[in-house]
Visitor: 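Encoded as structure tokens, here's the structure I'll be asking about.
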Amino acid sequence: MKYDFKAIEQKWQDRWENEGVFHASEDHSKPKFYGLVEFPYPSGSGMHVGHIKAYSGLEVVSRKRRMQGYNVLFPIGFDAYGLPTENSAIKTGIHPRELTDRNIEKFTGQLKRVGFSFDWDRVVDTTEESYYKWTQWIFRRMFDEGLVFRAKTLVNYCPHCKVVLSNEDSQGGKCDICHNDIVQKSKDVWYLRITEYADKLLGGLDKVDYLPNIKLQQENWIGKSEGAFANFRISGTDDFLRIYTTRPDTMFGVTFMVIAPEHPVIEKYRSQIANIADLDAYKDECAKKTEFERTQLVKDKTGVRIEGLTVINPANGKEIPVYISDYVMMGYGTGAIMAVPAHDERDYDFAKKFGIDIIEVIRGGNIEEAAYTGDGEMVNSGFLNGIATKAEAITKMIGYLSEQGIGERGIQFKMKDWAFNRQRYWGEPIPIVHCPACGMVGVPYEELPLRLPNMENFAPGEGGESPLAKIESFVNCTCPKCGGPAKRETDTMPQWAGSSWYFLRYTDPKNDKEFASQENLKYWLPVDWYNGGMEHVTRHLIYSRFWHRFLFDIGEVPVDEPYAKRTAQGLILGPDGEKMSKSRGNTVDPNDVVDEFGADVLRVYTLFMGDYASAAPWSESSVKGCKRFLERVAGLADMVSGKGETEAITSLIHKTVKKVSQDIEDMKFNTAIAAMMSLINNIYEHGSLTADELGVFVRLLCPFAPHICEEMWEALGHKELCATADWPEYDEAKTQDATVEIAVQICGKVKSTIRIAADAKQDDAIAAAKADEKIAALLDGKTIVKEIYVPGKILNIVAK
RNA sequence: GCUCCUGUGGUGGAAUUGGCAGACACGCUGGAUUUAGGAUCCAGUGCGCAAGCGUGCAGGUUCGACCCCUGUCAGGAGCACCA
């Protein structure tokens, strides 16, 4: 058979579609498999081959599961709200709705040409009313449950995109979308109280199967720390300054205190602070700094001492000064810290700069030169003196604080609440009404979806105001509660909203009564295997787990964790070894590859090019290698003979079935393909195989290269599709060899190999080794000291 | 700065997790075929003329180390004054 991919690909894609073989069925008596890939953002530039690699992994798993008899849900959709489309719309003057539709069409075409086994009947588009109605609905439920609040704060603002960004979207002081510098700006911001779920999100990680580095990143992001709260008495008052510390054991070493420049205690004692003008000036200066500038100045500590305000160290009763500095932030802990310069690097730098005492309380370092953060014997510490372990000292100090009624154990998280609004057009309108009499009132559930009004000029307003604010008919409304005149919220939700629950919608995408029926959710959840990019494991993955756990808590979904297993694929780099991007001009369009080499070659190559989880550069000559492989596969059809099986080939086929089956589960697609290539090489050498053997091979390769496999399966006389044929089984006994070649070492160095029975005893192995000429010569005149025999692997003779 | 990951031929990468390093593929070399190019097929391909030497570098543990331990260098990712 000739490998004529152009003649066969459309044919089989049509047949798959006509027979509907990839539609998940709602027969809930069958075992299910829910495989999920991250739905794409339909950008104007179309897909590149990185998307193909991202989907090919679970594509192979899903196809294998179908052949194993599972009812498989392998859906796809489009995460279509967001800034790039809106920016492109402003530039081109084409409405984002139209751009989105065009882009989705383009993406759909690209995906279909690759022959992915997606269930195209369940496509979701986050910008459709029937979808975002439920995004708003979930938000409304959160509002009802008190998880939504509004606060005026300094926010990360991107002057270029004219939009407020979450901390997650503005890492390193750069806008995640346009990569320009962000600035601090005071704004009314909607927050989702994700911090309330910090402990649950952390605890939930214990029962899911995520790759270790994914789990670790989530843990770091949530950033749980255990320590203590302690109250420091303000001198001359009955008032306290409350601090949070993870090192209560070092309290005897506290020589000063630092509070955030915005700390409310400054207002409270304004009249008695001698240098209040200096403090105000410093505070203003800090407010002007961007997050980026703050982090750039890590080493160079700044601050101002508060004149006229001191506190008492509760451990030793000493009076200590209080400073303000921007290295302490209002947003973490209590906005105030006890400073232990001898044992904390930041406090050390600060004390050195301001000439504050440094008192060693833990032995082990040299505090003349640097802070010592390690373990050691407690000194200069009153009742803690002599204790050698940190844990014991901490317990004792917390005990003392609670006895005095001025402190207790405490837990803090790094994770911040989620800034949830954007002043942009292309997003879900936030379903809230501002009423002068009733305050914030949720749009009634029966009025959802709150439609995004169509508008011509959707450029953001100059003051960073949402474009929706310009539409009076949208803004002016009546309060759902009192019926009086009210104003609608004009901000929209961030792009992360729609993707926080899409996997739930796939289970029942056409339901217009609920976001999904309980029956379907119960059957399909949790997602058995979720694969996507590493760039989404802290944001999207945390946000969606949060939404899901919220829905679980209010009884809307049957399981607490949405994803049973999460893996990640590595990037495809451009041929130049750089990250693929439109601006570098090193992208590869999957359509071009399909045109020149065929869809099967594209699929096989993206999985064969390297370890699935690692980044690897695109190489066109290696693509050709995969083409050659599939040509040789097609050639097998001409090698079928009635001569009967040969033991060597039969055994190799069983071994290959075993290896490929296991490798798919481990996402080791590259070695699975290598094993099949190896098998082919052996068959070519041998010259023939039986029709049954070819049938096994074709089914084994089918998840990787389904078009050519369908063609060959049909040529073998099958009426049914290969895609629904049974996954090949292997016989363990036939994967075992009767004899094995093992290495013989003299003093740990390989000197020869011998072929012996697989179950040979040590004595037989040694006898066989001694019969080997090379070994015999090397052992001549020496005494054997030791013999190590590992059956099937190695024989090591130590001789002197 | 902190945390984590990765260093294997000319290249992408294998190695049953302590047991023959370099599977599989690319590339390259030679040959066959071809008017030529391309394609295909055959042979070879870690380094070294050799004995030997080889998994970033230096030590260690072990009968035996790409794998474990200590130190060190390089690259990447994440977090970034988190008290």
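Numbers restart at 1 for each chain; the letters A, B, ... are given by sequence-line order, proteins then strands.
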Visitor: A/Tyr327 OH to B/C81 C1': how many Å, rounded?
Guide: 8 Å

Visitor: Keeping A/Tyr789 on the side-chain end and A/Ile797 on the backbone end, is there a donor-acceptor pair under 3.5 Å?
Guide: no

Visitor: In the structure shown, which nucleotide is the Watson-Crick or G-U wobble counterpart of B/U11, with both distances under 3.5 Å?
Guide: B/A25

Visitor: Which is true for A/Leu216 with a 4.0 Å heavy-atom rule: it touches a base, it touches only sugar-phosphate, or it touches nothing?
Guide: sugar-phosphate

Visitor: Have a look at A/Lys659 and say if it touches a base, only the backbone sugar-phosphate, or nothing, with a 4.0 Å heavy-atom cut-off.
Guide: nothing

Visitor: To the nearest Å, give me how far apart CD1 (A/Ile572) and P (B/G13) are.
Guide: 12 Å

Visitor: What about A/Gln745: does its side chain form a donor-acceptor pair under 3.5 Å with the base of B/G19?
Guide: yes

Visitor: Can a salt bridge be assigned to the pair A/Arg566 and A/Glu38 using a cut-off of 4.0 Å between side-chain N and carboxylate O?
Guide: yes

Visitor: Rounded to whole angstrom units, what separation is found between the CZ atom of A/Phe669 and the P atom of B/G12?
Guide: 22 Å

Visitor: Could you check whether A/Asp737 pairs with A/Lys655 (Lys NZ or Arg NE/NH1/NH2 to Asp/Glu carboxylate O, under 4.0 Å)?
Guide: yes

Visitor: So what does A/Glu741 touch, heavy atoms closer than 4.0 Å: a base, only the sugar-phosphate, or nothing?
Guide: base

Visitor: Can you tell me whether the base of B/G9 sits syn or anti, using the 90° cut around 0 to define syn?
Guide: syn

Visitor: Starting from P on B/A83, measure out to CD1 on A/Ile324 and report it in whole angstrom.
Guide: 22 Å

Visitor: Under 4.0 Å, heavy atoms only, any strand: does A/Phe608 hit a base, just the sugar-phosphate, or nothing?
Guide: base

Visitor: Could you check B/U11 for me: syn (within 90° of 0) or anti?
Guide: anti

Visitor: Using a 4.0 Å heavy-atom cut-off, does A/Thr246 contact any base of the nucleic acid, only the sugar-phosphate backbone, or nothing at all?
Guide: sugar-phosphate

Visitor: Pick base, sugar-phosphate or nothing for A/Asn213, based on heavy-atom distances below 4.0 Å to the nucleic acid.
Guide: nothing

Visitor: Under 4.0 Å, heavy atoms only, any strand: does A/Val790 hit a base, just the sugar-phosphate, or nothing?
Guide: base

Visitor: For A/Tyr730 and A/Lys659, indicate whether the former's side chain and the latter's backbone hold a donor-acceptor pair under 3.5 Å.
Guide: no

Visitor: A/Gly223 near the nucleic acid: base, sugar-phosphate alone, or nothing, with a heavy-atom cut-off under 4.0 Å?
Guide: nothing

Visitor: Quick one: look up who B/U35 pairs with, Watson-Crick or G-U, both distances under 3.5 Å, and put none if it's unpaired.
Guide: none

Visitor: Rounded to whole angstrom units, what separation is found between the NZ atom of A/Lys627 and the C1' atom of B/U40?
Guide: 12 Å

Visitor: Taking A/Asn796 for the side chain and A/Gly748 for the main chain, is one N or O donor matched with an acceptor at less than 3.5 Å?
Guide: yes

Visitor: Specify the separation, in whole Å, of atom CG of A/Asp347 and atom P of B/C81.
Guide: 14 Å

Visitor: Could you check whether the side chain of A/Lys624 and the base of B/C26 have a donor-acceptor pair of N or O atoms closer than 3.5 Å, going by distance alone?
Guide: no

Visitor: For A/Glu631 and B/C41, what is the distance between atoms CD and C1' respectively, to the nearest whole Å?
Guide: 13 Å

Visitor: A/Ala615 near the nucleic acid: base, sugar-phosphate alone, or nothing, with a heavy-atom cut-off under 4.0 Å?
Guide: sugar-phosphate

